[in-house]
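From a predicted model like this one, the values you see are computed outputs, not experimental measurements.
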Amino acid sequence: MGKPVFTLGIEEEFQTIDPETRDLRSHMSQIVEGGKMILQEQVKAEMHQSVVEVGTTVCNNIEEARHQVTHLRRQVIELADRVGLQIAAAGTHPFSRWQDQPITVDARYDKIVEELQDAARSNLVFGMHVHVGVETRELGVYMMNALRYFLPHIFALSTNSPFWEGRETGYKSFRTKVFERFPRTGIPEHFGSASEYDAYINLLIKTGCIDNGKKIWWDLRLHPFFNTIEYRVCDMMLRVDEAVAMAALMQALVAKVYKLMISNLTFRQYRKALINENKWRAARYGLDGKLIDFGKQEELPTRNLIQELLDFVDDVLDELGSRHEVEYIHKMMEMGTGADRQLKVFRETGDLKKVVDFIVQETSYGL
């Protein structure tokens, strides 16, 4: 067996904004239709008509991923501009009301809305998903177990949804609070093997809970159809540089855990209930709170633990060619998360429309 490549795929969910009102506005699939000509399957409609999702193809390294993510952002901004709309990258819209946002007509979404009702209708949130290729499903389940511990650390860096329906929520990420209304979300359970994981999914399918494994919406999942681990914990990131840095960190974690595994080194598994304590803190305080170091059994500043995480993956970065990208995380800790920067604009102006303008501006930063 050759050395695994840990391929990457990145999906981003953007908001479509009315430049006059700064509210979300349905793109009436114009962006998706227009995009199909240029971007084929890389652009998709989502459940709400004011969401547009773009995804890279399979990338062999972070440099390819950066190139594609940058290109896709540029294209989607241009497509929106042609139909008189703007594009914004954040986990929630600062003041839009979900009640005012039309749902895309599609059999799959009809079914979700029929089943989940207002939990689905109100799910007006925007995330970034990162796929990292793994050779086998067995390795995928091993990774899922090992990587759960780091999800709150990654999530804290990505927090970018402090507002909901015109209110400052007091959370750095309110997106997760909205999404938690869905079943089968949050930190995954520990599974002993791929067959145990498959038995769980098959039982849910057999008993009519789900029709396929894509209805498992955990923060990290073994993809039901591809050999990838899919991180789903992050809010949508403001800048392309931030998105790429996060993807690089997630890939580095997979590579590091693999490196330990082939040296017969594993680390302790912690209960989902404990990891949830850290996830809650990350949602509430972002980088400015404390997370629990379960090994030491004490709480430490989140920034210190992220620095430890960066030290932990350091020895795989050069092989992956991602040192430059991962080092951007230092700049993110310096600037503050998207939530911190949104809140700063709001404190200075008291105007949520100005916050939307800021998000739109940051979305095209560095393109």
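- Atom NZ of K354 is surrounded by 12 or fewer heavy atoms from other residues, nucleotides or ligands within 6.0 Å.
- The NZ atom of K290 sits 11.0 Å away from the OH atom of Y285 when rounded to the nearest 0.5 Å.
- Side-chain atoms of E165 and S96 include no donor-acceptor pair closer than 3.5 Å.
- Side chain of T363 to main chain of A89: a donor-acceptor pair is present (N/O by atom type, distance under 3.5 Å, no hydrogens or angles).
- Ring centers of F191 and Y200: under 6.0 Å apart, within the cut-off.
- In this structure, E168 contributes its side chain and P162 its backbone to no donor-acceptor pair below 3.5 Å.
- In this structure, A252 and L317 approach most closely via the heavy-atom pair CB-CD2, 3.7 Å.
- Side-chain rings of F6 and Y258 approach one another, their centers coming within less than 6.0 Å.
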**Prompt:** side-chain contact (heavy atoms from CB on, under 4.5 Å) between E298 and I292: does it pass, once the steps are laid out?
**Reply:** CA-CA 6 Å; E298 60 179 343; I292 306 156; over 6 Å; no
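- In this structure a side-chain-to-backbone donor-acceptor pair under 3.5 Å is present from T21 to D23.
- Under a hydrophobic-cluster definition in which Ile, Leu, Val, Met, Phe, Trp and Tyr are linked whenever side-chain heavy atoms come within less than 4.5 Å, directly or via other members, L274 and L291 are assigned to different clusters.
- The closest donor-acceptor contact from the side chain of S193 to the backbone of E196 lies under 3.5 Å.
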What side-chain donor-acceptor pairs closer than 3.5 Å can you find for residues 77-85, not counting sequence neighbours?
none

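- Ring pair H223/H131 is tilted by interplanar angle, where 30° to 60° counts as tilted.
- Relative ring orientation between W164 and F174 is described as tilted, the plane-to-plane angle lying within the 30° to 60° band.
- The environment of R184 atom CZ is dense: over 12 non-hydrogen atoms of other residues, nucleotides or ligands sit within 6.0 angstrom.
- No donor-acceptor distance shorter than 3.5 angstrom exists from the side chain of E12 to the backbone of M128, with no hydrogens or angles considered.
- Salt bridge E277/R281: absent, no basic N to carboxylate O contact under 4.0 Å.
- Between the side chain of E115 and the main chain of I112, no donor-acceptor pair closer than 3.5 Å is present.
- T7 places no side-chain N or O within 3.5 Å of a backbone atom of N60 that could act as its donor or acceptor partner.
- When only modelled atom types and interatomic distance are considered, Q307 and R303 share no side-chain donor-acceptor pair under 3.5 Å.
- In this structure, R22 contributes its side chain and I17 its backbone to no donor-acceptor pair below 3.5 Å.
- Applying the ring-ring contact (aromatic ring centres under 6.0 Å, His included) test to H129 and every residue at least two apart in sequence or in another chain returns nothing.
- The distance between the ring centers of F358 and F346 does not fall below 6.0 angstrom.
- A tilted orientation is assigned to the rings of Y197 and W218, their planes being inclined by 30° to 60°.
- Sparse packing is recorded around CD of E63, with 12 or fewer heavy atoms of other residues, nucleotides or ligands lying under 6.0 Å away.
- In this structure, R121 contributes its side chain and Q101 its backbone to no donor-acceptor pair below 3.5 Å.
- L352 places a side-chain heavy atom less than 4.5 Å from the side chain of F163.
- One finds a salt bridge joining R66 and D241 here, because a Lys/Arg side-chain nitrogen approaches an Asp/Glu carboxylate oxygen to under 4.0 Å.
- Side chain of R148 to main chain of Y270: a donor-acceptor pair is present (N/O by atom type, distance under 3.5 Å, no hydrogens or angles).
- Using a 3.5 Å distance cut-off with no hydrogens or angles, the side chains of D340 and T337 do pair a donor with an acceptor.
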**Message:** Is there a side-chain contact (heavy atoms from CB on, under 4.5 Å) between L249 and L309? Walk through the geometry before answering.
**Reply:** CA-CA 9 Å; L249 177 59; L309 174 57; 4.2 Å; yes
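- For Q99, the CD atom is densely surrounded, since the number of other residues' heavy atoms within 6.0 Å is greater than 12.
- Of the residues V54, V240, L8, I62, the one that meets the side chain to side chain contact (heavy atoms under 4.5 Å, CB included) test with V69 is V240.
- Side-chain contact between L24 and L124 is present, with heavy atoms from C-beta onward closer than 4.5 Å.
- Using a cutoff of 4.0 Å between basic side-chain nitrogens and carboxylate oxygens, E362 and K344 are not scored as salt-bridged.
- Side-chain atoms of D235 and T159 form no donor-acceptor pair, as typed in the model, at a separation below 3.5 Å.
- The pair R97-D100 counts as a salt bridge, with a side-chain nitrogen and a carboxylate oxygen less than 4.0 angstrom apart.
- E180 and T185 share no donor-acceptor pair across their side chains, judged by distance under 3.5 Å alone.
- What you find for K296 and L300 is that their closest heavy atoms are NZ-CD1, 4.2 Å.
- With hydrophobic clusters built from ILVMFWY side chains whose heavy atoms lie under 4.5 angstrom apart, L343 shares a cluster with V356.
- L367 and M237 fall within the same hydrophobic cluster, where Ile, Leu, Val, Met, Phe, Trp and Tyr residues are linked whenever their side-chain heavy atoms come under 4.5 Å apart, directly or through other members.
- Using cut-offs of 30° and 60° on the angle between ring planes, the pair F150 and F312 is parallel.
- Residues forming a side-chain hydrogen bond (donor to acceptor under 3.5 Å, both in side chains) with R323 (at least two apart in sequence, or on another chain): D314, D318.
- Hydrophobic clustering (ILVMFWY, side-chain heavy atoms < 4.5 Å, transitive): M143 and I262 are in one cluster.
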**Criterion side-chain contact (heavy atoms from CB on, under 4.5 Å) on H330 and E334, from CA distance to verdict** = CA-CA 6 Å; H330 294 291; E334 213 176 285; 5.6 Å; no
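- The number of heavy atoms from other shown groups lying within 6.0 Å of CZ (R74) is above 12.
- Relative orientation of the H93 and F95 rings is perpendicular, given thresholds of 30° and 60° on the angle between their planes.
- A side-chain N or O of N160 and one of Q342 form a donor-acceptor pair less than 3.5 Å apart.
- Remark: C59 SG to H67 NE2 distance equals 9.5 Å, nearest 0.5 Å.
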